[in-house]
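Below: the structure, in structure tokens.
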There are 2 protein chains.
Amino acid sequence: MGTDNKKTAADTTGRIRLENKERIIKAAEKIFAKNGFRGATTADIAAAAELPKANIHYYFGTKEDLYRAVLDEIVALWVSSFREIKHDDDPASTLADYIRAKMELSKNRPHASRVFANELIRGAPRMKDYLEGALKEWVEEKAGIMDQWIEEGRMAPVNTRTLIFHIWAMTQTWADFEVQWTAILGTGDHLGDAEYEEATNAIISMVLRSCGLIPVPPRMTETEMKLTV
Amino acid sequence: MGTDNKKTAADTTGRIRLENKERIIKAAEKIFAKNGFRGATTADIAAAAELPKANIHYYFGTKEDLYRAVLDEIVALWVSSFREIKHDDDPASTLADYIRAKMELSKNRPHASRVFANELIRGAPRMKDYLEGALKEWVEEKAGIMDQWIEEGRMAPVNTRTLIFHIWAMTQTWADFEVQWTAILGTGDHLGDAEYEEATNAIISMVLRSCGLIPVPPRMTETEMKLTV
DNA sequence: GTCTATAGAGAGATAGAC
DNA sequence: GTCTATCTCTCTATAGAC
């Protein structure tokens with residue numbers, strides 16, 4: 001019985017512990033996204049998590065440790081958006097799928113995107129290893145495959161590394177600078193599914209057209225001339 | 001004589017005053033760029049300006065006032081990058097020139113770009129007026145002109161507002177996320193002229209190709225076949 | 001494991017000598 | 001106009017009651 005009690009207690013503790021840690025990380029992601037590491041306060045995070053401030057330190061020790069836990073989750077999320085691009089894959093659908101996956105991430109995890117952005121703007125003091133390691137490797141490998149596609153005439157010549165960077169820039173801007181796009185488009189406080197869909201299609205069109213993977217549609221007067229003649 | 005002395009003193013004072021204010025704003029731009037409004041400290045700004053902390057408050061009153069002065073300068077800089085796009089202008093060279101101007105700004109004023117980025121990530125509490133006012137107007141007007149170009153068959157059909165947003169995203173990312181690009185490209189601590197030139201050309205090619213303003217180069221095997229046949 | 005109360009460091013801001 | 005010394009408030013972190 002003593003063992004049983006201990007077991008049950010341990011299980012419960014573990015579950016509560018995990019739930020609370022996850023709850024704190026989610027709250028921290030939001031606060032760090034808005035104010036950056038130095039601008040965020042543990043009091044704000046505690047309020048967002050609806051827990052006393054001391055619990056934050058009980059679970060994570062220091063603000064620094066909590067921030068690293070948040071970054072770790074985000075890096076895992078970023079890595080999960082990587083695609084296993086292979087030599088035999090179809091260039092057009094591979095690029096389109098990757099752009100769609102990145103846009104899903106911007107739409108569903110905007111706070112994560114902003115924490116990442118904040119960290120990069122600061123000079124990435126806590127992420128240099130990741131940037132120079134896993135991320136660089138992924139880019140090298142995938143750009144290499146795309147370079148082969150180009151060599152084999154399956155895609156028009158472009159700088160493939162730069163292409164990847166620009167895909168990141170265009171997809172992440174919809175999360176990071178959302179307020180700018182809502183202000184200009186006049187779509188209230190947040191971007192809706194319609195805006196994301198249109199943006200996704202615009203990025204896919206731009207990338208595929210410029211890589212010669214889909215035709216650039218004819219100019220309008222040409223079309224109209226065909227219709228009228 | 002008394003008038004002369006007063007005049008000279010006033011001139012000197014005015015000059016020193018302006019010089020110091022400008023010196024503090026430049027230092028503040030750097031510190032705010034790195035840490036955002038809440039993360040930046042007046043002590044850091046004073047250190048960067050090589051002035052005692054009290055001088056910051058003597059010239060600007062509060063940290064908030066100083067931040068607004070920095071934002072005002074940046075908004076003026078952004079507005080100066082606007083181009084008077086006119087109906088009769090050539091679409092290809094107009095877009096290329098605008099992209100070049102934006103890239104010059106990223107290269108020469110990366111801190112300004114990052115302060116702007118920080119403010120947007122935070123939800124732009126101090127810039128909503130600008131976003132919903134002057135910026136929105138500029139976009140409406142310029143997108144309208146481009147829509148005319150499309151109607152007149154001078155450009156392939158695209159969503160022109162989204163095109164502007166994506167040009168901003170691609171050009172500003174080279175300043176805001178510089179550390180990511182240097183880490184992946186392995187170009188040391190900073191991007192050089194070579195990287196900026198290549199990036200500029202890549203963005204121009206992508207935009208002009210996707211708008212049907214320059215041809216997409218043939219795929220390599222086609223070229224090679226022509227050469228070998 | 002939870003939370004109040006508080007210590008100690010660091011922030012913004014200012015008074016007042018120069 | 002310049003700068004040191006200092007006030008006050010807020011922040012991180014922890015001790016200790018429950």
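Here is the naming used below: chain letters follow the sequence lines, and residue numbers restart at 1 for every chain.
- No engagement by A:F60 is indicated, since no non-hydrogen atom pair under 4.0 Å with the nucleic acid exists.
- The nearest whole Å value for the distance from the NZ atom in B:K63 to the C1' atom in C:dG10 is 12 Å.
- Atom CD1 of residue A:I45 and atom NZ of residue A:K26 lie 13.0 Å apart, to the nearest 0.5 angstrom.
- Remark: P of C:dA9 and CZ of A:R38 are 18 Å apart, rounded to the nearest angstrom.
- Aromatic pair A:W138/A:Y130: ring centres not closer than 6.0 Å.
- We find that CD1 of A:I45 is positioned 12 Å from P of D:dC11, with the value rounded to whole Å.
- In this structure, B:D44 pairs ionically with A:R38, as a charged nitrogen and a carboxylate oxygen lie closer than 4.0 Å.
- Going from atom NZ of A:K53 over to atom C1' of C:dA7 covers 11 Å, rounded to whole Å.
- The distance between atom CD1 of B:I56 and atom C1' of D:dT2, rounded to the nearest whole Å, is 12 Å.
- Rounded to a whole Å, the OH atom of B:Y58 is 3 Å from the P atom of D:dG1.
- Taking 4.0 angstrom as the limit, B:H57 places a side-chain polar atom (N or O) nearer than this to OP1 or OP2 of C:dA13.
- Residue A:A54 is the one, among A:A54 and B:A40, whose nearest nucleotide of DNA chain C lies closer to the 5' end (criterion: closest heavy atom).
- When distances run from any side-chain atom of B:T42 to the nucleotides D:dC3, C:dG12, C:dC3, the shortest one goes to C:dG12.
- Under 3.5 Å, the side chains of A:W174 and B:H166 contain a donor-acceptor pair of N or O atoms.
- Taking atom CG on B:N55 and atom P on C:dC18, their separation rounds to 18 Å, with Å as the unit.
- One can place CG of B:D44 at 15 Å from P of C:dA13, the figure rounded to the nearest angstrom.
- Here A:Y59 reaches the OP1 or OP2 of C:dT2: one of its side-chain N or O atoms lies under 4.0 Å away.
- With D:dT2, D:dT12, D:dG1 as the candidates, the nucleotide lying closest to the side chain of B:R17 is D:dG1.
- Within 4.0 Å of A:A46, counting heavy atoms only, lies no atom of the nucleic acid at all.
- Pairing each heavy atom of A:V115 with each of A:L71, the nearest pair is CG1-CD2, 3.9 Å.
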